[in-house]
Amino acid sequence: MRFCTAVGFLTCAIVCAIHPAHGFTMSPVSRPIMSETALKASQLEQLSTMTTLSIDSGDVKVIEKYAKTGFITDATTNPLFVSQAGSSGDPKLVDDAVAFALSSGERDESEIVALAIDALAVNLGASIASIVKGYISTEVNPKLAFDTEASVSRGRRIISMYENKGISKERILIKLPATWESILAAEILEKEGIQCNLTLIFSFVQAVVCAQRGAHLISPFPGRVLDWYKAKEGRTEPTEPENDEGVIVCKKIYNYYKKFGHDTICMPASWRPSRGPGYETDEILALSGTDRMTIPAPLLEKLEKSEETIPRVLDPVIAKSCDEKELGNGMLDEKEFRYLLNMDGCGNDKLAEGLRAFIAETEKLEEIIRAKVLQRSNQ
(Lines give C-alpha, C1' and ligand atoms only; values in the text may rest on other atoms or scores of the structure.)
Protein backbone atom coordinates (compact mmCIF):
# COMPACT_ATOMS: atom_id res chain seq x y z
CA MET A 1 0.00 0.00 0.00
CA ARG A 2 1.37 3.41 -0.95
CA PHE A 3 1.60 5.68 2.09
CA CYS A 4 1.67 9.45 2.21
CA THR A 5 5.36 10.31 2.10
CA ALA A 6 5.53 13.39 -0.12
CA VAL A 7 5.92 16.99 0.99
CA GLY A 8 2.62 18.36 2.18
CA PHE A 9 1.64 15.21 4.02
CA LEU A 10 -0.78 16.00 6.80
CA THR A 11 -2.03 12.70 8.09
CA CYS A 12 -2.60 9.11 7.06
CA ALA A 13 -4.65 6.65 9.10
CA ILE A 14 -5.12 2.98 8.57
CA VAL A 15 -8.41 1.73 9.93
CA CYS A 16 -9.29 -1.94 10.28
CA ALA A 17 -12.93 -1.92 9.22
CA ILE A 18 -14.99 -4.37 11.23
CA HIS A 19 -18.65 -3.53 10.83
CA PRO A 20 -20.75 -5.42 13.39
CA ALA A 21 -23.67 -5.70 11.01
CA HIS A 22 -21.58 -7.02 8.15
CA GLY A 23 -19.65 -9.64 10.04
CA PHE A 24 -16.07 -10.62 9.24
CA THR A 25 -14.08 -7.92 7.46
CA MET A 26 -10.37 -7.37 7.30
CA SER A 27 -10.36 -4.45 4.94
CA PRO A 28 -7.63 -1.85 5.39
CA VAL A 29 -9.04 1.60 4.81
CA SER A 30 -6.52 4.30 4.01
CA ARG A 31 -7.66 7.88 4.37
CA PRO A 32 -4.80 10.17 3.39
CA ILE A 33 -5.03 13.94 3.42
CA MET A 34 -2.39 15.32 1.03
CA SER A 35 -1.41 18.53 -0.67
CA GLU A 36 -1.58 18.81 -4.45
CA THR A 37 2.12 18.08 -4.65
CA ALA A 38 1.79 14.73 -2.90
CA LEU A 39 2.04 11.48 -4.79
CA LYS A 40 -1.27 10.51 -6.36
CA ALA A 41 -2.94 7.27 -5.37
CA SER A 42 -4.02 4.75 -7.99
CA GLN A 43 -7.73 4.33 -8.61
CA LEU A 44 -7.42 0.88 -7.04
CA GLU A 45 -6.12 2.42 -3.82
CA GLN A 46 -8.70 5.21 -3.89
CA LEU A 47 -11.55 2.75 -4.43
CA SER A 48 -10.34 0.57 -1.55
CA THR A 49 -10.86 3.49 0.85
CA MET A 50 -14.60 3.56 0.12
CA THR A 51 -15.47 -0.02 -0.88
CA THR A 52 -14.18 -3.40 0.31
CA LEU A 53 -12.69 -5.09 -2.73
CA SER A 54 -12.72 -8.75 -3.73
CA ILE A 55 -11.00 -10.42 -6.67
CA ASP A 56 -13.19 -12.50 -8.96
CA SER A 57 -10.81 -15.29 -9.93
CA GLY A 58 -9.94 -18.92 -9.38
CA ASP A 59 -6.29 -18.43 -10.36
CA VAL A 60 -4.29 -18.69 -7.15
CA LYS A 61 -1.24 -16.90 -8.58
CA VAL A 62 -3.32 -13.97 -9.78
CA ILE A 63 -5.12 -13.75 -6.44
CA GLU A 64 -1.78 -13.77 -4.62
CA LYS A 65 -0.49 -10.94 -6.80
CA TYR A 66 -3.39 -8.65 -5.95
CA ALA A 67 -3.64 -9.69 -2.30
CA LYS A 68 -0.08 -8.41 -1.88
CA THR A 69 -1.22 -4.89 -2.82
CA GLY A 70 -3.17 -4.70 0.43
CA PHE A 71 -6.23 -3.41 -1.42
CA ILE A 72 -7.91 -6.79 -2.00
CA THR A 73 -9.20 -8.73 1.00
CA ASP A 74 -11.69 -11.28 -0.38
CA ALA A 75 -12.09 -13.69 -3.30
CA THR A 76 -15.10 -15.07 -5.17
CA THR A 77 -15.31 -18.20 -7.33
CA ASN A 78 -18.04 -19.61 -9.53
CA PRO A 79 -18.74 -22.87 -11.41
CA LEU A 80 -16.59 -21.71 -14.34
CA PHE A 81 -13.54 -21.27 -12.10
CA VAL A 82 -14.10 -24.62 -10.40
CA SER A 83 -14.55 -26.25 -13.81
CA GLN A 84 -11.30 -24.70 -14.98
CA ALA A 85 -9.59 -26.00 -11.85
CA GLY A 86 -10.90 -29.46 -12.69
CA SER A 87 -9.82 -29.42 -16.33
CA SER A 88 -6.56 -27.46 -16.35
CA GLY A 89 -5.75 -26.40 -12.79
CA ASP A 90 -3.52 -27.96 -10.15
CA PRO A 91 -3.85 -31.76 -10.65
CA LYS A 92 -3.30 -32.33 -6.94
CA LEU A 93 -6.48 -30.40 -6.07
CA VAL A 94 -8.46 -32.71 -8.37
CA ASP A 95 -6.74 -35.93 -7.32
CA ASP A 96 -7.24 -35.13 -3.65
CA ALA A 97 -10.92 -34.37 -4.25
CA VAL A 98 -11.49 -37.65 -6.11
CA ALA A 99 -9.60 -39.64 -3.47
CA PHE A 100 -11.67 -37.99 -0.73
CA ALA A 101 -14.94 -38.89 -2.46
CA LEU A 102 -13.90 -42.48 -3.11
CA SER A 103 -12.86 -42.94 0.52
CA SER A 104 -16.23 -41.70 1.83
CA GLY A 105 -17.92 -45.08 1.60
CA GLU A 106 -20.50 -43.70 -0.86
CA ARG A 107 -21.57 -46.32 -3.45
CA ASP A 108 -23.69 -44.31 -5.88
CA GLU A 109 -21.54 -42.97 -8.73
CA SER A 110 -23.48 -39.72 -9.10
CA GLU A 111 -23.12 -39.03 -5.38
CA ILE A 112 -19.38 -39.77 -5.51
CA VAL A 113 -19.03 -37.29 -8.38
CA ALA A 114 -21.06 -34.65 -6.52
CA LEU A 115 -18.96 -35.11 -3.39
CA ALA A 116 -15.74 -34.88 -5.40
CA ILE A 117 -16.91 -31.62 -7.00
CA ASP A 118 -17.70 -30.12 -3.59
CA ALA A 119 -14.30 -31.31 -2.34
CA LEU A 120 -12.59 -29.71 -5.36
CA ALA A 121 -14.41 -26.41 -4.72
CA VAL A 122 -13.35 -26.52 -1.06
CA ASN A 123 -9.75 -27.45 -1.98
CA LEU A 124 -9.65 -24.44 -4.31
CA GLY A 125 -11.25 -22.22 -1.66
CA ALA A 126 -8.82 -23.42 1.02
CA SER A 127 -5.84 -22.58 -1.16
CA ILE A 128 -7.29 -19.10 -1.71
CA ALA A 129 -8.04 -18.71 2.02
CA SER A 130 -4.31 -18.98 2.72
CA ILE A 131 -3.74 -15.90 0.55
CA VAL A 132 -6.58 -13.46 1.28
CA LYS A 133 -7.66 -12.40 4.76
CA GLY A 134 -11.39 -12.09 4.26
CA TYR A 135 -14.29 -13.97 2.73
CA ILE A 136 -14.15 -16.92 0.33
CA SER A 137 -17.33 -17.62 -1.66
CA THR A 138 -18.02 -21.24 -2.62
CA GLU A 139 -21.02 -22.12 -4.74
CA VAL A 140 -23.59 -24.85 -4.23
CA ASN A 141 -24.24 -26.93 -7.35
CA PRO A 142 -26.53 -24.69 -9.47
CA LYS A 143 -28.54 -27.74 -10.53
CA LEU A 144 -30.05 -27.55 -7.03
CA ALA A 145 -31.35 -24.00 -7.60
CA PHE A 146 -34.98 -25.07 -7.21
CA ASP A 147 -34.49 -27.51 -4.33
CA THR A 148 -34.42 -25.80 -0.93
CA GLU A 149 -33.74 -28.92 1.13
CA ALA A 150 -30.90 -30.16 -1.08
CA SER A 151 -29.30 -26.71 -1.19
CA VAL A 152 -29.35 -26.47 2.60
CA SER A 153 -27.80 -29.93 2.90
CA ARG A 154 -25.10 -29.09 0.38
CA GLY A 155 -24.33 -25.78 2.07
CA ARG A 156 -23.91 -27.52 5.43
CA ARG A 157 -21.62 -30.10 3.84
CA ILE A 158 -19.40 -27.47 2.27
CA ILE A 159 -19.03 -25.68 5.60
CA SER A 160 -18.20 -28.96 7.34
CA MET A 161 -15.51 -29.68 4.75
CA TYR A 162 -13.95 -26.26 5.31
CA GLU A 163 -14.03 -26.71 9.08
CA ASN A 164 -12.27 -30.06 8.70
CA LYS A 165 -9.48 -28.11 7.03
CA GLY A 166 -9.31 -25.68 9.94
CA ILE A 167 -11.10 -22.83 8.16
CA SER A 168 -13.91 -21.31 10.22
CA LYS A 169 -17.37 -20.82 8.78
CA GLU A 170 -17.10 -17.07 9.50
CA ARG A 171 -14.75 -16.83 6.52
CA ILE A 172 -16.97 -18.73 4.08
CA LEU A 173 -19.92 -17.48 2.07
CA ILE A 174 -22.15 -20.20 0.64
CA LYS A 175 -23.04 -19.01 -2.84
CA LEU A 176 -26.58 -19.66 -4.09
CA PRO A 177 -28.53 -18.39 -7.12
CA ALA A 178 -31.33 -15.99 -6.22
CA THR A 179 -34.29 -18.22 -7.07
CA TRP A 180 -37.15 -18.36 -4.56
CA GLU A 181 -36.11 -21.82 -3.39
CA SER A 182 -32.47 -20.88 -2.93
CA ILE A 183 -33.37 -17.68 -1.09
CA LEU A 184 -35.35 -19.84 1.37
CA ALA A 185 -32.29 -22.12 1.66
CA ALA A 186 -30.19 -19.09 2.51
CA GLU A 187 -32.72 -18.04 5.14
CA ILE A 188 -32.36 -21.44 6.84
CA LEU A 189 -28.57 -21.45 6.63
CA GLU A 190 -28.28 -17.90 7.94
CA LYS A 191 -30.29 -18.87 11.04
CA GLU A 192 -27.68 -21.58 11.64
CA GLY A 193 -24.85 -19.04 11.44
CA ILE A 194 -23.85 -19.99 7.89
CA GLN A 195 -23.47 -16.83 5.83
CA CYS A 196 -24.66 -16.78 2.23
CA ASN A 197 -23.89 -14.92 -0.98
CA LEU A 198 -26.96 -14.76 -3.25
CA THR A 199 -25.83 -14.46 -6.84
CA LEU A 200 -27.36 -14.11 -10.34
CA ILE A 201 -29.26 -11.01 -9.25
CA PHE A 202 -30.56 -9.00 -12.18
CA SER A 203 -33.64 -7.38 -10.66
CA PHE A 204 -34.62 -5.18 -7.76
CA VAL A 205 -37.17 -7.67 -6.41
CA GLN A 206 -34.56 -10.44 -6.10
CA ALA A 207 -32.37 -8.12 -4.03
CA VAL A 208 -35.24 -7.01 -1.79
CA VAL A 209 -36.40 -10.55 -1.00
CA CYS A 210 -32.83 -11.66 -0.28
CA ALA A 211 -32.55 -8.88 2.30
CA GLN A 212 -35.99 -9.55 3.76
CA ARG A 213 -35.00 -13.20 4.26
CA GLY A 214 -31.74 -12.29 5.97
CA ALA A 215 -29.09 -13.01 3.32
CA HIS A 216 -25.66 -11.81 4.38
CA LEU A 217 -24.59 -10.61 0.93
CA ILE A 218 -25.89 -10.32 -2.62
CA SER A 219 -24.11 -10.13 -5.97
CA PRO A 220 -26.05 -8.09 -8.54
CA PHE A 221 -24.63 -8.12 -12.11
CA PRO A 222 -24.76 -4.58 -13.56
CA GLY A 223 -22.93 -5.51 -16.76
CA ARG A 224 -25.37 -8.23 -17.70
CA VAL A 225 -28.31 -5.97 -16.94
CA LEU A 226 -26.86 -3.47 -19.41
CA ASP A 227 -26.38 -6.28 -21.96
CA TRP A 228 -30.08 -7.15 -21.74
CA TYR A 229 -31.32 -3.61 -22.27
CA LYS A 230 -28.94 -2.97 -25.15
CA ALA A 231 -30.03 -6.18 -26.88
CA LYS A 232 -33.72 -5.53 -26.25
CA GLU A 233 -33.59 -1.98 -27.59
CA GLY A 234 -31.02 -2.64 -30.31
CA ARG A 235 -28.74 0.02 -28.85
CA THR A 236 -25.23 0.36 -30.24
CA GLU A 237 -24.39 3.87 -29.11
CA PRO A 238 -22.47 4.54 -25.86
CA THR A 239 -24.40 4.89 -22.60
CA GLU A 240 -23.36 7.40 -19.98
CA PRO A 241 -22.59 5.51 -16.75
CA GLU A 242 -25.30 7.30 -14.77
CA ASN A 243 -27.85 6.12 -17.39
CA ASP A 244 -26.56 2.54 -17.47
CA GLU A 245 -29.49 0.34 -16.37
CA GLY A 246 -27.15 -1.96 -14.44
CA VAL A 247 -25.73 0.96 -12.50
CA ILE A 248 -29.24 2.28 -11.86
CA VAL A 249 -30.52 -1.00 -10.37
CA CYS A 250 -27.42 -1.40 -8.16
CA LYS A 251 -27.82 2.15 -6.84
CA LYS A 252 -31.50 1.48 -6.18
CA ILE A 253 -30.66 -1.69 -4.23
CA TYR A 254 -27.96 0.06 -2.18
CA ASN A 255 -30.26 2.98 -1.34
CA TYR A 256 -33.17 0.69 -0.41
CA TYR A 257 -31.00 -1.35 1.94
CA LYS A 258 -29.73 1.71 3.76
CA LYS A 259 -33.13 3.39 3.96
CA PHE A 260 -34.93 0.36 5.41
CA GLY A 261 -32.12 -0.82 7.67
CA HIS A 262 -31.18 -4.03 5.91
CA ASP A 263 -27.74 -5.30 6.89
CA THR A 264 -27.38 -7.30 3.67
CA ILE A 265 -24.19 -6.33 1.85
CA CYS A 266 -24.47 -5.18 -1.77
CA MET A 267 -21.49 -6.52 -3.77
CA PRO A 268 -21.84 -5.90 -7.51
CA ALA A 269 -20.03 -8.22 -9.92
CA SER A 270 -19.76 -8.75 -13.70
CA TRP A 271 -18.90 -5.46 -15.39
CA ARG A 272 -19.30 -3.84 -18.80
CA PRO A 273 -18.00 -0.58 -20.32
CA SER A 274 -21.04 1.72 -20.35
CA ARG A 275 -19.47 3.92 -23.03
CA GLY A 276 -17.85 1.06 -24.95
CA PRO A 277 -14.23 -0.10 -25.44
CA GLY A 278 -11.70 2.02 -23.56
CA TYR A 279 -14.12 2.66 -20.70
CA GLU A 280 -14.02 -0.77 -19.08
CA THR A 281 -14.22 0.57 -15.52
CA ASP A 282 -17.26 2.81 -16.12
CA GLU A 283 -19.67 0.81 -13.99
CA ILE A 284 -17.14 0.25 -11.22
CA LEU A 285 -16.45 3.98 -10.86
CA ALA A 286 -20.17 4.80 -11.11
CA LEU A 287 -20.80 2.58 -8.06
CA SER A 288 -17.89 3.76 -5.91
CA GLY A 289 -18.86 3.67 -2.25
CA THR A 290 -21.03 0.56 -2.46
CA ASP A 291 -20.42 -1.91 0.38
CA ARG A 292 -18.25 -4.30 -1.62
CA MET A 293 -17.29 -5.15 -5.19
CA THR A 294 -15.78 -8.24 -6.76
CA ILE A 295 -13.61 -7.41 -9.75
CA PRO A 296 -11.68 -9.60 -12.22
CA ALA A 297 -7.92 -9.16 -12.57
CA PRO A 298 -7.92 -7.31 -15.94
CA LEU A 299 -10.10 -4.54 -14.48
CA LEU A 300 -8.06 -4.42 -11.27
CA GLU A 301 -5.04 -3.83 -13.49
CA LYS A 302 -6.74 -0.91 -15.22
CA LEU A 303 -7.63 0.63 -11.87
CA GLU A 304 -4.08 0.10 -10.67
CA LYS A 305 -2.63 1.94 -13.68
CA SER A 306 -4.90 5.00 -13.46
CA GLU A 307 -4.44 7.89 -11.03
CA GLU A 308 -7.53 9.88 -12.02
CA THR A 309 -9.50 10.99 -8.98
CA ILE A 310 -12.53 8.88 -8.04
CA PRO A 311 -15.39 10.79 -6.41
CA ARG A 312 -17.53 8.83 -4.00
CA VAL A 313 -20.94 8.19 -5.58
CA LEU A 314 -22.79 6.06 -3.01
CA ASP A 315 -23.03 7.17 0.60
CA PRO A 316 -25.00 5.43 3.38
CA VAL A 317 -26.23 8.66 4.96
CA ILE A 318 -27.46 10.16 1.70
CA ALA A 319 -29.01 6.80 0.74
CA LYS A 320 -31.32 6.91 3.75
CA SER A 321 -33.09 9.94 2.31
CA CYS A 322 -33.92 8.25 -1.02
CA ASP A 323 -37.55 8.06 -2.15
CA GLU A 324 -37.80 4.26 -2.42
CA LYS A 325 -40.98 2.68 -1.01
CA GLU A 326 -40.88 -0.50 1.05
CA LEU A 327 -42.03 -3.61 -0.80
CA GLY A 328 -44.54 -6.03 0.69
CA ASN A 329 -44.69 -4.18 4.00
CA GLY A 330 -41.23 -5.57 4.67
CA MET A 331 -41.83 -9.21 3.67
CA LEU A 332 -42.83 -10.26 0.14
CA ASP A 333 -44.35 -13.73 -0.15
CA GLU A 334 -43.72 -16.29 -2.88
CA LYS A 335 -46.63 -15.23 -5.09
CA GLU A 336 -45.57 -11.58 -4.97
CA PHE A 337 -41.94 -12.47 -5.65
CA ARG A 338 -42.72 -14.66 -8.66
CA TYR A 339 -45.12 -12.10 -10.11
CA LEU A 340 -42.69 -9.19 -9.78
CA LEU A 341 -39.77 -11.24 -11.10
CA ASN A 342 -41.75 -12.34 -14.14
CA MET A 343 -42.84 -8.76 -14.78
CA ASP A 344 -39.16 -7.77 -14.82
CA GLY A 345 -38.04 -8.97 -18.25
CA CYS A 346 -34.35 -8.54 -17.51
CA GLY A 347 -34.48 -10.28 -14.14
CA ASN A 348 -36.51 -13.21 -15.47
CA ASP A 349 -34.51 -13.73 -18.68
CA LYS A 350 -31.05 -13.24 -17.22
CA LEU A 351 -31.66 -15.46 -14.19
CA ALA A 352 -32.63 -18.33 -16.51
CA GLU A 353 -29.70 -17.60 -18.82
CA GLY A 354 -27.25 -17.43 -15.92
CA LEU A 355 -28.46 -20.73 -14.50
CA ARG A 356 -28.09 -22.42 -17.88
CA ALA A 357 -24.52 -21.13 -18.19
CA PHE A 358 -23.53 -22.20 -14.67
CA ILE A 359 -25.15 -25.61 -15.08
CA ALA A 360 -23.37 -26.15 -18.40
CA GLU A 361 -20.01 -25.55 -16.70
CA THR A 362 -21.00 -27.89 -13.86
CA GLU A 363 -21.91 -30.63 -16.31
CA LYS A 364 -18.53 -30.29 -18.05
CA LEU A 365 -16.86 -30.72 -14.69
CA GLU A 366 -19.04 -33.71 -13.83
CA GLU A 367 -17.78 -35.52 -16.93
CA ILE A 368 -14.16 -34.76 -16.06
CA ILE A 369 -14.59 -35.95 -12.47
CA ARG A 370 -16.61 -39.01 -13.51
CA ALA A 371 -13.80 -40.13 -15.81
CA LYS A 372 -11.26 -39.71 -13.01
CA VAL A 373 -13.48 -41.60 -10.56
CA LEU A 374 -13.79 -44.53 -12.98
CA GLN A 375 -10.07 -44.47 -13.67
CA ARG A 376 -9.23 -44.61 -9.97
CA SER A 377 -11.87 -47.28 -9.31
CA ASN A 378 -10.38 -49.55 -11.98
CA GLN A 379 -6.82 -49.31 -10.71
Side-chain angles (χ1 to χ4, degrees), residues 56-58 76-89 93-94 97-98 101 108-125 136-158 161 173-186 189 196-203 206 209-210 215 218-221 223-225 227-228 231 269-270 294 296 337-338 341-342 344-374:
D56 196 20
S57 175
T76 55
T77 63
N78 60 42
L80 172 60
F81 298 152
V82 178
S83 180
Q84 289 170 340
S87 60
S88 57
L93 294 180
V94 181
V98 171
D108 184 81
E109 181 185 288
S110 63
E111 290 300 321
I112 292 171
V113 170
L115 181 57
I117 289 175
D118 282 352
L120 175 59
V122 170
N123 287 347
L124 177 61
I136 307 298
S137 289
T138 297
E139 190 143 1
V140 165
N141 189 327
K143 294 169 110 175
L144 303 177
F146 301 101
D147 188 332
T148 299
E149 184 178 352
S151 293
V152 169
S153 177
R154 198 63 63 88
R156 289 169 179 158
R157 183 166 83 180
I158 289 170
M161 293 166 77
L173 298 180
I174 296 298
K175 202 170 179 184
L176 296 158
T179 62
W180 175 257
E181 293 80 3
S182 291
I183 293 170
L184 294 188
L189 291 169
C196 298
N197 171 358
L198 274 294
T199 188
L200 294 182
I201 288 182
F202 307 99
S203 66
Q206 287 175 286
V209 172
C210 287
I218 65 159
S219 295
F221 288 11
R224 300 200 187 181
V225 172
D227 287 346
W228 188 88
S270 185
T294 186
F337 170 78
R338 293 195 188 281
L341 179 59
N342 277 274
D344 186 312
C346 176
N348 190 60
D349 295 352
K350 281 294 183 180
L351 174 58
E353 180 185 292
L355 280 171
R356 288 193 295 269
F358 278 4
I359 289 169
E361 291 298 333
T362 300
E363 289 177 339
K364 289 179 189 176
L365 181 58
E366 286 174 343
E367 290 307 308
I368 294 168
I369 296 297
R370 184 172 289 108
K372 290 184 179 293
V373 166
L374 291 174

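The basis for the numbers below is simple: all heavy atoms, side chains too, and nothing from hydrogens, waters or symmetry mates. Bear in mind that the values here come from a model prediction, so they are computed numbers and not experimental data.
Here the side chains of Thr362 and Asn141 are in contact, with some heavy-atom distance below 4.5 Å. The side-chain heavy atoms of Lys350 and Phe221, taken from C-beta on, include no pair separated by under 4.5 Å. By the 4.5 Å heavy-atom criterion applied to side chains, Asn123 and Met161 are not counted as neighbours. Under the 4.5 Å side-chain criterion, counting only non-hydrogen atoms from C-beta, Ile201 is not in contact with Ser219. Here the side chains of Thr199 and Glu139 are in contact, with some heavy-atom distance below 4.5 Å. Contact check for Leu198 versus Pro177: no side-chain heavy atoms found under the 4.5 Å cut-off. Between Leu173 and Thr138 there is no side-chain heavy-atom pair separated by less than 4.5 Å.
Between atom CG of residue Leu176 and atom SG of residue Cys196 there is a gap of 5.0 Å, rounded to the nearest 0.5 Å. Rounding to the nearest 0.5 Å gives a distance of 11.5 Å between CG of Leu115 and CG of Leu120. The structure places CG of Asp349 at 12.5 Å from CG of Asp227, a figure rounded to the nearest 0.5 Å. Between the CZ atom of Arg154 and the CD1 atom of Ile158 there is a distance of 7.0 Å, given to the nearest 0.5 Å.
For the residue pair Ser151 and Thr148, no side-chain donor N or O sits within less than 3.5 Å of a side-chain acceptor on the partner. With no hydrogens or angles considered, no side-chain donor-acceptor pair links Asn197 and Thr76 at under 3.5 Å.
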>> Let's go through Val140 and Asp118 carefully: what are the C-alpha distance in whole Å and the side-chain angles of both, what is the deciding distance for side chain to side chain contact (heavy atoms under 4.5 Å, CB included) to 0.1 Å, and is it a yes or a no?
In response: CA-CA 8 Å; Val140 165; Asp118 282 352; over 6 Å; no

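Applying the salt bridge (Lys or Arg N to Asp or Glu O under 4.0 Å) test to Asp344 and every residue at least two apart in sequence or in another chain returns nothing. In this structure, the ring-ring contact (aromatic ring centres under 6.0 Å, His included) partners of Trp180, at least two apart in sequence or on a different chain, are Phe337. Listed by chain and number, the residues in a salt bridge (Lys or Arg N to Asp or Glu O under 4.0 Å) with Glu363 are Lys143 (sequence neighbours excluded).
Nearest approach of Glu181 to Ala145, heavy atoms of both residues: CB-O, 3.7 Å. The two atoms that bring Ala178 and Gln206 nearest to each other are O-NE2, 3.1 Å, heavy atoms only. Smallest separation of non-hydrogen atoms from Val225 and Phe202: CG2-O, 3.8 Å. Of all heavy-atom pairs between Gly347 and Leu341, the closest is C-CD1, 3.8 Å. The two residues Gly345 and Trp228 have their closest heavy-atom pair at C-CZ2, 3.4 Å. The minimum heavy-atom distance linking Gly155 with Ile174 is given by the pair O-CD1, 3.8 Å.
Of the possible polar contacts, none joining the Ser182 side chain to the Ala185 backbone as a donor-acceptor pair under 3.5 Å is found. At distances below 3.5 Å, not a single donor-acceptor pair connects side-chain atoms of Ser153 with backbone N or O atoms of Glu149. No side-chain donor-acceptor contact under 3.5 Å links Thr294 to the backbone of Ala269.
Between Leu365 and the choices Val113, Ile117, Val94, the side chain to side chain contact (heavy atoms under 4.5 Å, CB included) rule is met once, by Ile117.
Under 4.0 Å is where a charged nitrogen must lie from a carboxylate oxygen, and between Glu111 and Arg370 no such pair does. The residues Arg356 and Glu353 are annotated as not salt-bridged, no charged nitrogen and carboxylate oxygen being separated by less than 4.0 angstrom.
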